[in-house]
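Have a look at the structure below before the remarks.
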Amino acid sequence: HLFQGVTDSTMSHGEGWQYIQLGRFVERTDSLARLIGTHFTRLPHPLDQAVESEEYLEWVGLLKSCAAFEAYCKTYTAELRPLRVAEFLLLNPEFPHSVRFSVDMVHAALIAVGELTERKAEQPVRLAGRLRATLRFSQIDEIMASGASGYVDRVRWQCAQVFSKCACSTVTNMLRAFSVMSRQSMLARRPSACDFHQLPVQHQRADQFQPPAVRQHRGAGAKSAVRIFLQVETRFHVAPLDVAGTKGFRQPVEMGNSR
């Protein structure tokens, strides 16, 4: 709750904040569905009847683990019925810790990311919209009749598909953007013939200091020699010319072995 409050109140509600929302509600959907499926695996009494005194604390514990006990009592009463509990935790559109509310927020975050950026993730949005429609038009009687465990397992599987497609789409877009930026950077840093004449004297006289890398590319022209020399210079400490200028550069010393 502290992290949520800090990010909501101090962070700009842009792309990064929407991704935080997406991860938060995907995790919440999976956790809620798993908890509901485990608790509703065995129901010894009818769903529409109030629970007995010896089982009352178990149902209170389920609601409190979802931060839903007070909200449930305000919506219904303190009388706990499994059918009402399942409907409240699964299909309530207003309670922040219900499965339907969490899926709605996942869908909204994906749409917001697509609107804020040029990266249109159509498949994750479509999968999230399908899951949202399933929860919106489901009836609790039909869910409990067919089995709550199977229903929440399908919800978890669809939520995992949304997250997987979203992650793949995000990584693909990031790699594509990085490739474009790298290509633009390489084109911007490509040396020209006029750049060679504007270099300092010690760079123009690269033929006086010829490590193996330069000697191998000696026939490649002035541009290749300058480019390779600059790469070598970043690795070695190259001493400047002496006063007389007749001895050339001194022998290079590796940075790792310099004292």
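Quantities reported herein were computed from a predicted structural model and do not represent experimental measurements.
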Checklist entry - Got a donor-acceptor contact below 3.5 angstrom from the R34 side chain to the D153 backbone? => result no

Next on the checklist: Is there a side chain to side chain contact (heavy atoms under 4.5 Å, CB included) between V85 and I36? Walk through the geometry before answering.
Outcome noted: CA-CA 10 Å; V85 173; I36 294 171; over 6 Å; no

Checklist outcome for this item: For Q139 and L91 the tightest heavy-atom approach is C-CD1, 4.3 Å

Item to check | Value rounded to 0.5 Å, distance of CH2 in W17 from CE in M11 | outcome: 9.5 Å

Checklist entry - How long is the gap from CD on Q161 to CD on Q123, to the nearest 0.5 Å? => result 8.5 Å

Next on the checklist: Is there a path of hydrophobic side-chain contacts, each under 4.5 Å between heavy atoms, that joins L62 and Y56?
Outcome noted: yes

Checklist entry - Is it true that a side-chain atom of S138 and a backbone atom of T134 form a donor plus acceptor pair closer than 3.5 Å? => result yes

Checklist entry - When rounded to the nearest 0.5 angstrom, what is the spacing between CZ in R28 and CG in D30? => result 13.0 Å

Checklist entry - Atom CD of E87 and atom CG of D141: how far apart are they, to the nearest 0.5 Å? => result 8.0 Å

Next on the checklist: Can you tell me how far apart CD (Q158) and CG (L127) are? Round to the nearest 0.5 Å.
Outcome noted: 8.0 Å

For residues 100-113, tabulate all N or O donor-acceptor pairs below 3.5 Å that involve a side-chain atom, not counting sequence neighbours.
| residue | atom | partner | partner atom | Å |
| --- | --- | --- | --- | --- |
| S102 | OG | S98 | O | 2.9 |
| D104 | OD1 | R132 | NE | 3.2 |
| H107 | ND1 | R132 | NH1 | 3.4 |

Checklist entry - Would a distance-only check, ignoring hydrogens and angles, find a side-chain to backbone donor-acceptor pair under 3.5 Å from S146 to I143? => result yes

Checklist entry - Any idea which heavy atoms bring N92 and E94 closest together, and the distance? => result OD1-N, 2.9 Å

Next on the checklist: Show the nearest heavy-atom pair for residues C66 and L32, with the distance to one decimal.
Outcome noted: SG-CD2, 3.6 Å

Checklist entry - Any idea which heavy atoms bring A68 and L89 closest together, and the distance? => result CB-CD2, 3.9 Å

Checklist entry - Hey, is CZ on F163 packed in by over 12 heavy atoms from elsewhere, all under 6.0 Å? => result no

Checklist entry - At their closest point, which heavy atom of S149 faces which heavy atom of G37, and how far apart are they? => result OG-O, 3.2 Å

Checklist entry - In terms of the angle between their ring planes, are Y72 and Y76 parallel, tilted or perpendicular, with boundaries placed at 30° and 60°? => result tilted

Next on the checklist: Restricting to non-hydrogen atoms, name the atom on H13 and the atom on Q18 that form the minimum distance, rounded to 0.1 Å.
Outcome noted: O-NE2, 4.4 Å

Checklist entry - Rounded to the nearest 0.5 Å, how far does CG of L80 lie from CZ of F88? => result 11.5 Å

Item to check | Evaluation steps, ring-ring contact (aromatic ring centres under 6.0 Å, His included), between W59 and F40 | outcome: CA-CA 10 Å; W59 290 94; F40 280 87; 5.3 Å; yes

